[in-house]
Amino acid sequence: MSGLSDLARVTLADFETVRNEPVLLVAANGSLALSIDEIRQMGSGAGVRDGGAFSVVFRGPQAPFVEQGMYRLEIGAGDAGNRTELELFLVPVGKDAEGCLYEAVFT
């Protein structure tokens, strides 16, 4: 994944290749460092996107907490040639001693 990715073409394998890369959530009031915590294949069936349905869970710090909504994520190295930018709808799905979890679902 590099550049601005077309969400219809992004696959679970694309996220696997950047699993250990830094992720930056960019919002109007600042940015937040995230990491990819989990990548899950979802069920298959009629109407499922090319490459299959999957979800990605991102881990962030306990504070600040990010509300559900659309966010720009920058994944990978700092220079534009090796960085992927995605606009994703993130949903908070949990909180533990290590931080907050946010999920993006691709169907």
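We count residues from 1, following the sequence as given.
In this structure, Glu87 CD and Leu90 CG are separated by 10.0 Å, a value rounded to the nearest 0.5 Å. For the atom pair Phe54 CZ and Glu38 CD, the distance stands at 13.0 Å (nearest 0.5 Å). Taken to the nearest 0.5 Å, the SG atom of Cys100 stands 12.0 Å off from the CG atom of Asp37. With values rounded to the nearest 0.5 angstrom, Asp96 atom CG is found 5.5 Å from Leu101 atom CG. Here the straight-line distance linking atom OG of Ser55 with atom CE of Met42 works out to 6.0 Å at 0.5 Å rounding. The distance from atom CD of Glu85 to atom CG of Leu73, rounded to the nearest 0.5 Å, is 10.0 Å.
Contact detail for Arg40 and Val57: the closest heavy-atom pair is NH2-CG2, 4.1 Å. Nearest heavy atom pair, residue Tyr71 against residue Glu67, reads OH-O, 2.7 Å. Closest approach of Gly60 and Leu34 over heavy atoms only: CA-CD2, 3.5 Å. Closest heavy-atom contact between Asp14 and Arg9: OD2-O, 3.7 Å.
Under the 4.5 Å side-chain contact rule for hydrophobic residues, Phe65 and Leu32 share a cluster. A chain of hydrophobic side-chain contacts below 4.5 Å, direct or via other Ile, Leu, Val, Met, Phe, Trp or Tyr residues, connects Val91 to Met70.
Residues Ile39 and Glu16 are in side-chain contact: their nearest non-hydrogen atoms beyond the backbone lie under 4.5 Å apart.
Taking the six-membered ring for Trp and the full ring otherwise, Phe15 and Phe106 have centroids separated by under 6.0 Å.
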Chi angles and distances behind the side-chain contact (heavy atoms from CB on, under 4.5 Å) call for Leu88, Leu7: CA-CA 9 Å; Leu88 297 180; Leu7 290 182; 3.6 Å; yes
Could you walk me through whether Thr84 and Val18 pass the side-chain contact (heavy atoms from CB on, under 4.5 Å) check? CA-CA 10 Å; Thr84 299; Val18 296; 5.5 Å; no
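Using a cutoff of 4.0 Å between basic side-chain nitrogens and carboxylate oxygens, Glu74 and Arg72 are scored as salt-bridged.
Panel note: side chain Tyr102, backbone Val66; a donor-acceptor pair is recorded below 3.5 Å. Of the possible donor and acceptor atoms, none in the side chain of Glu98 sits under 3.5 Å from a partner among the backbone N and O of Pro61. At least one donor-acceptor pair under 3.5 Å links the side chain of Gln62 to the backbone N or O of Ala97.
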